[in-house]
Asks: 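Take a look at the following structure, please.
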Amino acid sequence: MKIRIPATSANLGPGFDSCGIALSHYLNIEVLENAQDWKIMHSLGSDIPNDATNLLIQTALKVAPNLSPKVLKMTSDIPLARGLGSSSSVIVGGIELANRLGNLNLSQKEKVQIATEMEGHPDNVAPAICGDFVVASYVDGEVHSVKHHFPMCDVIAYIPEAHLLTSESRSVLPTFIPYKEAVQASSIANVMIAAILNGNLPLAGLMMEKDRWHEAYRKKLVPHLDQIRSLSHKVGAYGAFLSGAGPTVLILSPEEKTNQMVHELEKLPLSAAINVLSIDQEGI
Ligand code: HSE
């Protein structure tokens with residue numbers, strides 16, 4: 001049995017803790033055989049446990065405590081702690097593992113609910129499960145989400161070498177935002193979503209760069225964001241924004257501008273990988 005979970009990018013600028021897209025990097029899980037104890041074969045580094053303490057197994061056993069141990073194989077090209085949903089992919093993988101091994105027949109809505117309760121916000125786990133573009137709210141303990149087709153474009157990921165933990169990136173956010181500012185922030189997000197639904201990427205990209213919820217506070221942790229945004233304007237890409245909690249920056253680009261955009265990004269002094277991705281439309 002094989003499970004494939006896409007990477008994700010949360011927020012898309014103003015859709016903080018609510019909007020996300022699924023991307024064409026993947027965590028792959030394969031069930032190899034029955035065993036006495038849980039074992040995960042992987043080459044993702046010595047920091048990642050290869051026994052029952054791994055988040056994947058912990059998650060699966062929370063969902064289906066009576067699962068019998070297996071040997072699993074895990075591979076992933078989702079970079080860790082870079083704002084591309086690596087830990088969400090493991091949580092979603094654990095839920096799907098429990099679902100299949102335990103024959104739970106969980107609906108997509110149930111998977112999104114369980115994953116959001118574990119993660120605390122739906123904007124990575126929902127697109128990882130459903131694919132494509134998902135808008136979700138997690139209010140009064142219940143998730144409501146809508147999946148929609150994201151307009152065709154290239155997604156350029158500028159992935160700095162340095163890690164940034166979500167907890168650190170959330171610790172710089174304010175406790176309160178003045179009412180007037182919150183109203184503006186919400187109107188920006190509303191227009192961004194409406195523009196995506198209309199296939200209007202120039203307007204969506206403009207709104208993605210006007211976030212008032214988080215980017216201004218996080219800028220000190222991601223000083224490269226403004227520089228990349230200037231390059232994106234110069235080249236004529238749709239927009240550049242922090243991917244999730246950062247430090248990765250995503251640039252949405254018309255296909256014909258992608259080579260030029262990548263070329264400009266390569267000139268930046270920061271040590272980073274530059275990957276051209278597409279939207280994953282399937283999810284798990
Ligand atoms: N919405 C979350 C954040 C995504 O920006 O903190 C990262 O997990």
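In this chain, numbering begins with 1 at the start of the sequence shown. Indexing begins at 1, ligand by ligand and atom by atom, following the structure's order. Since this is a predicted model, take the numbers as computed values, not measurements.
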Asks: Below 4.5 Å, heavy atoms only, C-beta onward: do Val135 and His148 meet side chain to side chain?
Replies: no

Asks: Are Lys257 and Glu264 ion-paired here, with the side-chain N under 4.0 Å from a carboxylate O?
Replies: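 Glu264 and Lys257: not salt-bridged.
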
Asks: Quick one, Glu33 with Lys70, criterion salt bridge (Lys or Arg N to Asp or Glu O under 4.0 Å). Give me CA distance, side-chain angles, the key distance, then yes/no.
Replies: CA-CA 6 Å; Glu33 58 192 23; Lys70 305 273 183 257; over 6 Å; no

Asks: Compile the protein residues with any heavy atom at a distance under 4.0 Å from an atom of ligand 1; present them by chain, then by number.
Replies: Ala10, Asn11, Phe16, Asp17, His121, Asp123, Asn124, Thr166, Arg170, Arg218, Gly244, Ala245

Asks: Looking at residues at least two apart in the chain, or sitting in another chain, which of them share a side chain to side chain donor-acceptor pair (under 3.5 Å) with Asp51?
Replies: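 Counting only residues at least two positions away or on another chain, Asp51 forms a side chain to side chain donor-acceptor pair (under 3.5 Å) with Thr53.
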
Asks: Run the side-chain donor-acceptor check on residues 174-185: report pairs under 3.5 Å with partners two or more places apart or on a different chain.
Replies:
none

Asks: Mind checking side chain to side chain donor-acceptor pair (under 3.5 Å) for Ser253 and listing every partner two or more places apart, or none if nothing turns up?
Replies: Thr258

